[in-house]
Amino acid sequence: LILTQAEFENPLDVIDGFRKKYLWEFLRMELWDWLNAAITSDAEHVRCPETRGKMMDFYVHTNCMVEGIIHATLTGEYE
């Protein structure tokens, strides 16, 4: 995904489009499924513990962002 200049300058529009397109439970399941597939894969490029650690970090940070958006949406902090 490559942001346009307008999206880069106003990322809230991107977040808003994202939260309107996907159901929260779907996002949670997709993130978990991605992590599970990534860290249990036998593919050569993910066998390295450092790579798996980076995938875990990516999951944690992405999940944190999604949960923050969910919280802000449900509490009315993000309109």
Under 3.5 Å donor-acceptor, Glu67 side chain and Cys64 backbone: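 Side chain of Glu67 to backbone of Cys64: no pair is present.
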Is the closest side-chain heavy-atom distance between Ile70 and Arg28 below 4.5 Å?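 Yes, close enough: below the 4.5 Å cut-off.
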Given side chains that start at C-beta, do those of Ile69 and Trp24 come closer than 4.5 Å, heavy atoms only?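 Yes, close enough: below the 4.5 Å cut-off.
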Which residues pass the side-chain contact (heavy atoms from CB on, under 4.5 Å) test with Val46, sequence neighbours left out?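 Once residues adjacent in sequence are excluded, the partners of Val46 under the side-chain contact (heavy atoms from CB on, under 4.5 Å) criterion are Ser41, Ala43, Thr51, Arg52, Met55.
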Under the side-chain contact (heavy atoms from CB on, under 4.5 Å) rule, collect the residues that match up with Trp32, sequence neighbours excluded.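 With sequence neighbours excluded, Trp32 shows a side-chain contact (heavy atoms from CB on, under 4.5 Å) to Leu35, Tyr59, given in chain and number order.
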For a quick test of reading the model, state the closest non-hydrogen atom pair linking Thr75 to His71 and the distance between them.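 Distance-wise, the nearest heavy atoms are OG1-O, 2.8 Å.
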Return the [atom1] to [atom2] distance between [X] and [Y], rounded to the nearest 0.5 Å.
{"X": "Glu30", "Y": "Asp33", "atom1": "CD", "atom2": "CG", "result": "5.5 Å"}
{"X": "Leu31", "Y": "Asn36", "atom1": "CG", "atom2": "CG", "result": "12.5 Å"}
{"X": "Asn63", "Y": "Phe58", "atom1": "CG", "atom2": "CZ", "result": "11.0 Å"}

Transitive ILVMFWY side-chain link Leu23 to Met29, under 4.5 Å: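 No.
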Side-chain heavy atoms under 4.5 angstrom apart, residues restricted to Ile, Leu, Val, Met, Phe, Trp, Tyr: same cluster for Leu27 and Met65?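 Leu27 clusters together with Met65.
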